[in-house]
Amino acid sequence: MRPAAAPGALAPRPDQRVAKALIAAAVLLTIAVLVVPLAYIFHRAFAQGFQVFAANILEPNTLHAIALTALVALLTVPVNIAFGIAAAWAIARFRFRGRKALLTLIEIPFSISPIIAGICYLLLYGRQGLLGSWLLAHDIQILFALPGIVMVTMFVTSPFVLREVLPLMQAQGSEQEQAAVTLGASGWQVFRRVTLPNIRWALLYGAVLCTARAVGEFGGVSVVSGSIRGQTNTLPLQIELLFNDLNIAGAFAAASTLTVIALVVMVLKTAMEARR
Amino acid sequence: MKTRLLAAALTLGLAAPASAQDAILNVSYDIARELFAAINPVFAEKWKAETGRDVSIDQSHGGSSRQARAILEGLPADVVTFNQTTDIQVLADAGLVDENWREAFPNDASPYYSLPSFLVREGNPKGIEDWDDLVAEDVQVIFPNPKTSGNARYTYLAAYAYALEVNDGDHEAAQDFVGRLFANVPVFDTGGRAATATFAERNLGDVLITFEAETAQIARQYADQGFEQVTPSLSLLAEFPVAVVSENAARNGSEEVSKAYLDFLYSPEGQRLLAENDYRVHDETVKAEFADRFPELKLVTAEDVFGGWEQIGEEHLAEGAILDRLFVNQ
């Protein structure tokens, strides 16, 4: 039902009430689903004052979880950048048999649940797994230690850089690179002077997304971590444990740290999108 | 590049446990963190005084079946402190734990115990004193889903055992009783923590049923709500079994300190720490000290009433067995 159009109006005017109602619904939903929960994390984290918050963050196990999470990201992200560029390069610049299959393979981690990655590693590297007895005999601890956590995080984050860089490489085509080659540039020079500058924002954007995912990964890591406090507990796992221990203030303090990381990453991402 | 980083990661991961002092990993159930946070420093001090060596004790907590699974896959636990005997049996069946682990330590290798007990709202407005008060029409009961929660399984069996006791062993009457109890549960959460949240944060229900050690902690955690503990006249013994994971301990060279650690739980000092954390213990002196915190009641065991956990599995918990029938019919 539309109110009578103003005399002389040629086009049907959109109903202001419907528009306003839709906007109000969207705003309310955003507030209820996003803004309030996020704000509440900080409210609860600081509910008992800054000193309690600081004490919770500086608690050795939480501090270790923060350091471990940072270390995992530091090990994971560079590998994914190198791997992502190499794979994007191969797929964008060359035509070879199995190219589509390779692309699909790399994208698999996007579509399967991280817990499946965790379980796959368990079945492969676990004590009862395929390589388990060999690893045990050589005293190599992969699962329930840093290597396992890093490997699962790599699995989960592997498509991020590729996914950002590949479309750009395909859209840009290879004319500039070919020109560089005809001018006598070596392979490395082409990459440093031509390819890298062209994809740098997409690359950074992918790295930022990859970092966010690596820092926040929960499901896959929880399978292979063993949750040894102060040793193999990453920040998301530490938050869950604190919460289960009824240590609500500690859980919210740790959660606020993770949220700050995520917010910083999102700000970087927005800034980069503007540059793209 | 990838392999080099992987190698770096490997070295980092390997470097951690290679310190000179004694080190053990205690893999435990999910709600025992405070307990072992209290026990570990005391044991470390004692070990230092006795042997002159430092010991670092790492903790891993999680659902005990899940923890057992992780140990089977290589989590390098030296000792396990669980809340289900079946989960240690799994490790024994796989050869990680000695076959006769139940004889390795006193009291069937269970240094402390607890039982399903009640937590009611301030002033106990519904006058709940025992299991039969829970099936009154206007009473709402909160405990998790016995299909998914080990904790609720104990509640189910305790209620069943109580009904058998008052009905002279009549199984039909007992099942009728448990069915009426289920009918008074407004929501079945998947785990103990969620049920606690339902009771304490969502304010649902008149009584929460969980382990006695938990009810005491919840009452303290939510002190402002004035929850009161109520001990029923009869309940089911819930054991908290321990074992040395001998295969791992042998590899880590930690057999001696692992055994000493578990022995410590049986010492008067260890038993006092356990009692302070609301678990019932066997040491007579400590029992007398804490008598006012642990009211007397009739305790029955899974073996006596139900013929052991294997039989409970077949007759009660298996698909389509008694629990399923009662659960569906409510």
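Residue numbering restarts at 1 for every chain, and letters A, B, ... go by the order of the sequence lines.
- The residue from B:L96, B:L75, B:I71 that alone fulfils the side chain to side chain contact (heavy atoms under 4.5 Å, CB included) condition with A:R127 is B:L96.
- For A:N247, the part lying under 4.5 angstrom from a heavy atom of chain B is the side chain only.
- To the nearest 0.5 Å, atom CG of residue A:N233 and atom NE2 of residue B:H61 are 10.0 Å apart.
- Of the atoms belonging to B:E34, it is side-chain heavy atoms, and not backbone ones, that fall under 4.5 Å from chain A.
- Residue-environment remark: CD (B:E256) stays at or below the threshold of 12 foreign heavy atoms within 6.0 Å.
- With a 6.0 Å radius and a threshold of 12 heavy atoms from other residues, nucleotides or ligands, B:Q225 has its CD atom above the threshold.
- Heavy atoms closer than 4.5 Å to chain B are found in both the backbone and the side chain of A:L122.
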Let's go through B:E247 and A:L136 carefully: what are the C-alpha distance in whole Å and the side-chain angles of both, what is the deciding distance for side-chain contact (heavy atoms from CB on, under 4.5 Å) to 0.1 Å, and is it a yes or a no?
CA-CA 11 Å; B:E247 191 182 296; A:L136 201 65; 4.2 Å; yes
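- More than 12 heavy atoms of other residues, nucleotides or ligands sit less than 6.0 Å from atom CZ of A:R93.
- Of all heavy-atom pairs spanning A:Q141 and B:P76, the tightest one is NE2-CD, 3.7 Å.
- More than 12 non-hydrogen atoms from other residues, nucleotides or ligands lie less than 6.0 angstrom from CZ of B:R293.
- Only the side chain of A:L241 comes within contact range of chain B, judged by heavy atoms closer than 4.5 Å.
- Heavy-atom pairs under 4.5 Å with chain B peak, among A:G129, A:S225, A:G226, at A:G226.
- Atom CD1 of A:I119 is separated from atom CD of B:E73 by 10.5 Å, given to the nearest 0.5 angstrom.
- Of all residues in residues 211-223 of chain A, those placing a non-hydrogen atom less than 4.5 angstrom from a non-hydrogen atom of chain B are A:S222, A:V223.
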